[in-house]
Amino acid sequence: MNYWLVKSEPDTYSWDFFVSKGRDIWDGVRNYQARNNLKAMSENDLVFFYHSNKGMEIVGLAKVVKESYQDPTTEDPRWVVVELAPVKKLAEPVSLTKIKTDPNLSDISLLKQSRLSVMPIKPEEFDRIMYLANEV
DNA sequence: GCCAACGTTGGC
DNA sequence: GCCAACGTTGGC
């Protein structure tokens with residue numbers, strides 16, 4: 001079991017919209033590092049859903065329901081998608097500010113590589129974020 | 001709206 | 001293969 005975090009701008013694709021769809025294809029990734037992370041996802045891996053720009057907080061938990069395959073929105077064979085489904089909205093969203101001030105999360109990719117849109121989360125970071133979200 | 005970080009492109 | 005120019009992301 002691996003853990004991940006994906007970013008989305010709530011003005012473009014919010015958590016609530018994702019929930020209303022029930023399950024969706026995660027497309028549009030055009031960055032090699034993010035693409036490699038998509039390829040490394042396995043079914044049932046858990047994925048934090050982060051709102052960038054507006055909100056700037058982790059709002060929900062999703063899971064991988066289908067592993068990576070060719071991105072149907074492009075002919076370019078370099079790009080892939082996965083399919084995700086919502087698991088639950090976090091009891092308490094975990095803000096970027098809170099993550100920044102938590103010494104247990106000082107090494108998280110969200111802070112280290114601020115522009116990456118799909119990133120791995122370590123098990124201990126996953127547990128810590130769930131704790132901060134009142135999900136323990 | 002600004003700017004830092006960083007990825008991509010293209011000239012040499 | 002280097003690097004300047006440029007575009008994009010995302011926090012502030």
Side-chain angles (χ1 to χ4, degrees):
Chain A
M1 163 79 73
N2 288 305
Y3 303 101
W4 310 93
L5 179 146
V6 296
K7 291 179 179 175
S8 185
E9 295 191 31
D11 284 349
T12 308
Y13 193 105
S14 69
W15 168 259
D16 287 342
F17 181 67
F18 178 48
V19 169
S20 77
K21 299 202 96 175
R23 167 192 178 123
D24 207 2
I25 167 178
W26 205 256
D27 64 11
V29 171
R30 295 292 182 269
N31 167 285
Y32 289 110
Q33 208 179 341
R35 188 276 313 265
N36 291 343
N37 290 331
L38 287 182
K39 282 189 170 180
M41 289 184 183
S42 301
E43 205 168 310
N44 293 320
D45 279 358
L46 294 171
V47 184
F48 283 127
F49 192 106
Y50 174 80
H51 276 167
S52 62
N53 283 315
K54 297 246 180 87
M56 293 189 285
E57 58 191 10
I58 299 171
V59 288
L61 185 65
K63 69 175 179 181
V64 178
V65 290
K66 192 169 170 93
E67 293 178 12
S68 68
Y69 57 94
Q70 163 71 32
D71 188 335
T73 66
T74 176
E75 298 282 305
D76 194 328
R78 291 176 299 171
W79 309 120
V80 300
V81 298
V82 296
E83 288 178 22
L84 301 179
V87 173
K88 67 183 303 189
K89 184 174 190 166
L90 297 183
E92 195 70 40
V94 181
S95 70
L96 181 64
T97 310
K98 201 161 188 178
I99 291 168
K100 276 184 159 176
T101 53
D102 191 315
N104 297 296
L105 296 173
S106 60
D107 203 36
I108 197 170
S109 296
L110 190 63
L111 302 180
K112 295 277 168 130
Q113 288 174 278
S114 60
R115 292 183 56 218
L116 189 59
S117 60
V118 182
M119 64 188 74
I121 295 289
K122 296 185 193 114
E124 60 269 27
E125 291 167 345
F126 179 85
D127 291 343
R128 181 63 182 170
I129 290 166
M130 289 302 271
Y131 169 79
L132 294 175
N134 281 329
E135 293 287 351
V136 177

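Excluded from the calculations below are hydrogen atoms, water molecules and symmetry mates; all remaining heavy atoms, backbone and side chain alike, are included. None of the values given here were measured: they were computed from a predicted structure.
- We find that A:K98 and A:E57 are not joined by a salt bridge, their nearest charged nitrogen and carboxylate oxygen being 4.0 Å or further apart.
- Judged by distance alone, the side chain of A:S42 and the main-chain N or O of A:D45 form no donor-acceptor pair under 3.5 Å.
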- Task: Carefully, step by step, assess A:Y3 and A:E125 under the rule side chain to side chain donor-acceptor pair (under 3.5 Å).
- Result: CA-CA 9 Å; A:Y3 303 101; A:E125 291 167 345; over 6 Å; no
- Task: Quick one: do A:D102 and A:R128 satisfy salt bridge (charged side-chain N to carboxylate O under 4.0 Å, His left out)? Show the steps, please.
- Result: CA-CA 9 Å; A:D102 191 315; A:R128 181 63 182 170; 2.8 Å; yes
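- For the pair A:E9 CD and C:dG10 C1', the computed distance is 8 Å after rounding to whole Å.
- Residues from residues 49-60 of chain A with heavy atoms under 4.0 angstrom of DNA chain C, sorted by number: A:Y50, A:S52, A:N53, A:M56.
- Between the CG atom of A:L111 and the C1' atom of C:dG11 there is a distance of 11 Å, rounded to whole Å.
- Within residues 27-41 of chain A, the residues that have a heavy atom under 4.0 Å from DNA chain B are, in order of number, A:N31, A:Y32.
- Relative ring orientation between A:Y13 and A:W26 is described as perpendicular, the plane-to-plane angle rising above 60° on a 0-90° scale split at 30° and 60°.
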- Task: Could you walk me through whether A:Y69 and A:W79 pass the ring pair (Phe, Tyr, Trp, His ring centres under 6.0 Å) test, one step at a time?
- Result: CA-CA 8 Å; A:Y69 57 94; A:W79 309 120; over 10 Å; no
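- Two residues are said to be in side-chain contact when any heavy atoms from C-beta on lie closer than 4.5 Å; A:L96 and A:L110 meet this criterion.
- Salt-bridge annotation for A:R30 and A:D71: present, with a side-chain N of the basic residue lying under 4.0 Å from a carboxylate O of the acidic one.
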- Take A:E43 and A:K66 through the test salt bridge (charged side-chain N to carboxylate O under 4.0 Å, His left out) and record every step on the way to the result. CA-CA 6 Å; A:E43 205 168 310; A:K66 192 169 170 93; over 6 Å; no
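- Taking the charged nitrogens against the carboxylate oxygens, A:E9 and A:K54 have no contact shorter than 4.0 Å, which rules out a salt bridge.
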Using atom names, set out every protein N or O paired with an N or O of nucleotides 2-8 of chain C below 3.5 Å, distance rounded to 0.1 Å.
unit_1, atom_1, unit_2, atom_2, d
C:dT8, O2, A:R115, NH2, 2.9

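- The shortest distance between the side-chain N/O atoms of A:K7 and the OP1/OP2 oxygens of C:dT9 is not below 4.0 Å.
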